[in-house]
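Down below is the structure, laid out as structure tokens.
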Amino acid sequence: MYPPTSPYPHPPLHQTHSGPPPSKALTNTGHTTNYFHQQNNQHLQPHLPQHHPPPTVAPPAVRPPHPSAAAAQQYTPALPTNALYDPPPQQALYCTPDAYYGQQTYHAPQAQQLQHQLPHQQQQQQQHQPPVNGVGAPLYPIVSYPSAPGSSQYGTLRSSQSPCQAPGAVPTLVGAPLHQHPQTSADTNSIAPSGDMPNHSPPYNNYGYPGMQPAYQQGPASHGDSSPSHALYGQQQPQQYAQPFPNMSTLSAALGGLSGVPELELEALMPVNLLHERSLLPDRPLEAPEPNLSPDLRKVNCSPQTFRCTLSSIPQTQALLNKARLPLGLLLHPFRDLQQLPVITSNTIVRCRSCRTYINPFVSFLDQRRWKCNLCYRVNDVPDEFMYNPVTRSYGEPHKRPEVQNATVEFIASSDYMLRPPQPAVYLFVLDVSHNAVEAGYLQHFCDSLLDNLDKLPGDTRMRVGFLTFDSTVHFYNLQQGLSQPQMLVVSDIDDIFIPSHDSLMVNLKDSLELVKDLLGALPSMFRDSRVTHSALGPALQAAHQLMAPTGGRISVFQTQLPSLGAGLLPSREDPNQRSSSKGVQHLGPATDFYKKLALDCSGQQIAVDLFLLSSQYADLATLACVSKYSAGSIFYYPSYHHVHNPAQRDKFRKDLDRYLSRKIGFEAVMRIRCTKGLSIHTFHGNFFVRSTDLLSLANVNPDSAFAVQMSIDDSLVDSSLACFQAALLYTSSKGKRRIRVHTLCLPVVSQLSDVFAGADVQAITCLLANMAIDRSVSSSLGDARDALLNAVVDGLGVYRNTVSTLQQHGLIAPDNLRLFPLYILALLKQKALRTGTSTRLDERVFAMCEFKTQPLQQMMRMVYPDMYRMDTISDQGSLHLNDTVVPQPRLLHLSAERLSRDGAFLLDCGSVLYLWVGKCVNEIFIRDVLGCPNYASIPPNMTDIPELETKLSERVRAFLDWLQDNRAFSCLFYVVREDASAKLDFFQNMVEDRSEMGLSYHEFLQNLLQQMSK
Ligand SMILES: [Zn+2]
């Protein structure tokens, strides 16, 4: 796209990082060759039911003559000497089975290495400089991933009110690290070799930093409406206060230390009396706070939808952070679908020579030839090529390059960023075909959906697909081009699984399209009469791993029950009598580390495993989910799935599949997060394998997954006015291009507690706390996690009352920007993942926990505290005008049954599900004009769509629904819920402000908080 002007050669670096060791569970080396040959013929049996023609069963496949050699192959990547995941033999990598997101071990470099990194690095470059044309020259440059000392840690939510609860000197504050590892900001964590950038021309002096183009626009956060409401919390009257609330000028005076504080900040700190104020919600869904930056920096900052920090003003020191008692962390949605993305092709990707940060809008140009890194402050040369400005097609304007104009960019990477040629998109589908699966009836829907989406699977002409099915045995399908129909190969020795044919099972989709279609058409009927109840999931996954090892790719597993045969079989651990126990919940962690080990083996071969669990019974998701968590896969769960009896789950499955099969995918990915010197990462949340302190291994990356990161402040940021965070995601696109997506976020550094509070982002804080609470409920207990959430609110509001707001206020006060904090925490405590006292199936709880760890912020907030609007009175007042469409903007309503009325219709937006609740006495005009029914009684019970009627009201409602839908990448389910329908329970479960078996009402919760705070 941008013509290169002067390419620089990149010397390769040395490979030093470690990978997972071979797992014995997966190798066949324990068996002798004889065993194999003797057993071979018995193990391959024809297994095809007689009533359907395709596919044919092949004659017994011939197994490779030396199984031990074959098995060893799976740990020898098909690469030259520069294997990406070359496992060291004696590295203990796996944590104990009970660790949910276990502590992961890194290779720590020698201290001297850290101290003398640059010389060391250069030395290594010399040592490993390959002969240019020599026999021993590697085909691809060796890339370095040196690790830094330290390790991932659990969150440190405080679980007791006692400030001295934790032993020793470990701080017991929210967000404080359990221990700090030595500073690593000077590391050379290079994804690519560092280039020597010669400085050819003399530097110019006083090169100014120019104004920049707007990258995205973001309005200031809207603030709550304080108009009185007639609905009360229960019968309780609001408390009256003699003292009126302060206005802006008294507050400004009270916060006298803050000279020159912008008004927005004062507004954020305005005290709100929570017991008094009953309308806390803004009119429209809350937006991220605007960081207090200069307009120039604001304009180019990263979108909050991609990158968000819990504190939009970074405390200068850990001591100040501790004092604030608010958690510090990032919420990242790095691969989300973007409408606009600057894509840059150039020979030289400009990066800091010291910390390898990519050049970004927040670096400073000392002159035209030198730029200063905003993360480590090293002064770097501007390479010649960068002097060309592709926008104006002129030279001498490095500050106008797209890299310096956009906080989110994507580079087309050169071969320096490759360890092997980019692999094709490879998809393997692993399908449960046991009796249980047949009963659930998912197979027909899967096959229909895949047939519909075959042409939408992301990939190029090299794309490959394969299929495995399993019950008590594992079935392979030969789909090699030229066959008249698919051939089924059955391996019944599940204790010693092997691949019956190596080149015909994963086939080019284009070449074998007709065979694939034949198979998908035949599969549902092939197993229709199956009586096999067992499930050999573990062996099927082992086979899948072997099939995919040479290329990497994506394994999609569809499972309908507890695995009962072979490796990875699981006992039932759920006691239904304990589902509503308030004592604590057992078995939130895995029963075995089999699935985690398998996941790490897959991750090492660039394979991600996505799990679809469609089960009516307990299937131990806590254990099964590990296969996806550690391989950077996705987890989907459909409790009580039945294709006839549960149409809601069936529809959800179909919608999810359509999105899943066609959504963007990145392969062979790693993501590194760098931050300004002085800041460090101490815990990651999400699905991945942590390869080093700041490097995540992502075999696949998809646009629907998000990550959270807890940060700590190791060194004072006193010399910096800005803190920056950069996430770089290196991946192979489905079209076989190596790409790097880079996001950079810039935030101000502050020294005053009030400034820290003024920048608090209540939604980001809630999401990070939720992630920490999930870890806590597994590593400690659910009760502990719940206490910790409560304490986070008590602590935060306590600090505000005692130190930030010097005004003498009684009651429970919160700064305006944290006024929803208690409400959100109450809503969290009532979520399936964290609730007690009400019957919650273990798998459903575990799935909710998984969702908390991977959902993007917006999606998660809609799950925790959905958006509710009244629809029967919807008007054009205050509507948006988008092109030719008028989109009404109804006001948000609090989630309490008191806000509903029988004469109204209310929309509840839970993220992936929309409910339209229709009261018994709603105006018949609404029923007729919007629902197209003559009266309330005639509204069908399972209405999942509204008709396109040409009435004003219908147009408004549909315009609003379409607009909500357009603002998310996936399609939502929609249900019309009559007041008297059984589905109303799902709707009312979301009324989190009301007292229920799930917990206190909001008012009671506030009273409880007040009590805690006055202790
Ligand atoms: Zn740097």
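These numbers come from the heavy atoms of this one structure, side chains and all, not from hydrogens, waters or symmetry mates. All residue numbers in this chain count up from 1 along the given sequence.
- Across all non-hydrogen atoms, the minimal contact from Pro524 to Leu443 is CA-CD2, 4.0 Å.
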Verdict with reasoning, Leu698 to Leu729, per side chain to side chain contact (heavy atoms under 4.5 Å, CB included): CA-CA 9 Å; Leu698 305 164; Leu729 179 69; 3.8 Å; yes

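- No donor-acceptor pair under 3.5 Å is formed between the side chain of Lys737 and the backbone N or O of Thr732.
- Gln710 places no side-chain N or O within donor-acceptor distance of the main-chain N or O of His682, the cut-off being under 3.5 Å.
- Aromatic ring centres of Phe636 and Tyr660 lie closer together than 6.0 Å.
- Residues Asp704 and Arg659 are in side-chain contact: their nearest non-hydrogen atoms beyond the backbone lie under 4.5 Å apart.
- Within the 4.5 Å cutoff, no side-chain heavy atoms of Leu541 are placed close to those of His545.
- Judged purely by distance below 3.5 Å, without hydrogens or angles, the side chains of His435 and Thr533 never pair a donor atom with an acceptor atom.
- Under 3.5 Å, the side chains of Gln444 and Asp448 contain a donor-acceptor pair of N or O atoms.
- A donor-acceptor contact closer than 3.5 angstrom is absent between the side chains of Arg462 and Thr551.
- Of the candidates Val474, Ile494, Ile497, Asp496, Ile497 is the only one forming a side-chain contact (heavy atoms from CB on, under 4.5 Å) with Gln542.
- The ring pair (Phe, Tyr, Trp, His ring centres under 6.0 Å) with Phe467 is formed by just one residue from the set Phe476, Phe446, Phe429, Tyr477; it is Phe429.
- When side chains are defined from C-beta on, Leu657 counts as touching Phe558, because their heavy atoms get closer than 4.5 Å.
- With respect to the salt-bridge test (charged N to carboxylate O, under 4.0 angstrom), the residues Asp620 and Arg573 qualify.
- Panel note: side chain Tyr595, backbone Gly568; a donor-acceptor pair is recorded below 3.5 Å.
- In this structure the side chain of Val627 never reaches within 4.5 angstrom of the side chain of Ile555, judged on heavy atoms.
- Residues Arg308 and Leu857 are in side-chain contact: their nearest non-hydrogen atoms beyond the backbone lie under 4.5 Å apart.
- Although no hydrogens or angles enter the test, the distance criterion places no donor-acceptor pair under 3.5 Å between the side chain of Ser603 and the main chain of Ala599.
- Outside the 6.0 Å centre-distance limit, the rings of Phe689 and Tyr630 are not counted as a close aromatic pair.
- Using a 4.5 Å cut-off on side-chain heavy atoms (C-beta onward), His642 and Ser616 make no contact.
- Checking side-chain atoms of Lys456 against main-chain N and O of Leu661 turns up no donor-acceptor pair under 3.5 Å.
- The closest side-chain donor-acceptor pair between Arg336 and Thr306 falls under 3.5 angstrom.
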Side chain to side chain contact (heavy atoms under 4.5 Å, CB included) between Gln606 and Gln423, worked out: CA-CA 10 Å; Gln606 306 291 0; Gln423 297 297 299; over 6 Å; no

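- Using modelled atom types, one finds no donor on one side chain facing an acceptor on the other under 3.5 Å when comparing Asn436 with Ser434.
- Without hydrogens or angle criteria, Ser628 side chain to Val609 main chain gives a donor-acceptor distance under 3.5 Å.
- In this structure a side-chain-to-backbone donor-acceptor pair under 3.5 Å is present from Arg650 to His643.
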Criterion side chain to side chain donor-acceptor pair (under 3.5 Å) on Ser777 and Asp775, from CA distance to verdict: CA-CA 6 Å; Ser777 62; Asp775 280 3; over 6 Å; no

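- No side-chain N or O of Asn687 forms a donor-acceptor pair with one of Ser634 less than 3.5 Å apart.
- Side chains of Asn453 and Ser662: no donor on one and acceptor on the other come within 3.5 Å.
- At least one side-chain heavy atom of Phe852 sits less than 4.5 Å from a side-chain heavy atom of Met860.
- When ring centroids are compared, Phe612 and Tyr442 stay outside the 6.0 Å threshold.
- We find the CG-OG1 distance between Asp843 and Thr623 to be 9.5 Å, quoted to the nearest 0.5 Å.
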Derivation of the side chain to side chain donor-acceptor pair (under 3.5 Å) call for Ser640 and Gln649: CA-CA 8 Å; Ser640 312; Gln649 291 291 11; over 6 Å; no

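- Note that CD of Gln859 and OG of Ser705 are 11.5 Å apart. Values are rounded to the nearest 0.5 Å.
- Residues satisfying the ring-ring contact (aromatic ring centres under 6.0 Å, His included) test with Phe653, not counting sequence neighbours, are Tyr638, Tyr641.
- Minimum interatomic distance between Ser631 and Cys602 (heavy atoms only, all atoms of both residues): CB-CB, 4.5 Å.
- At least one side-chain heavy atom of Val433 sits less than 4.5 Å from a side-chain heavy atom of Asp471.
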Side chain to side chain contact (heavy atoms under 4.5 Å, CB included) between Leu338 and Glu410, intermediate numbers included: CA-CA 11 Å; Leu338 293 171; Glu410 189 154 288; over 6 Å; no

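- When the options Glu851, Met849, His685 are evaluated for a side-chain contact (heavy atoms from CB on, under 4.5 Å) with Ile774, the one that passes is Met849.
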From CA spacing to verdict: side chain to side chain contact (heavy atoms under 4.5 Å, CB included), Lys629, Lys853: CA-CA 10 Å; Lys629 277 177 198 160; Lys853 305 265 312 187; over 6 Å; no

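- When atom types are taken as modelled, the side chain of Ser556 and the backbone of Asp610 share no donor-acceptor pair closer than 3.5 angstrom.
- Arg739 places no side-chain N or O within 3.5 Å of a backbone atom of Ser733 that could act as its donor or acceptor partner.
- The ring of Phe527 has its center closer than 6.0 angstrom to the ring center of His475.
- Distance alone, capped at 3.5 Å, places no donor-acceptor pair between the Glu574 side chain and the Tyr618 backbone.
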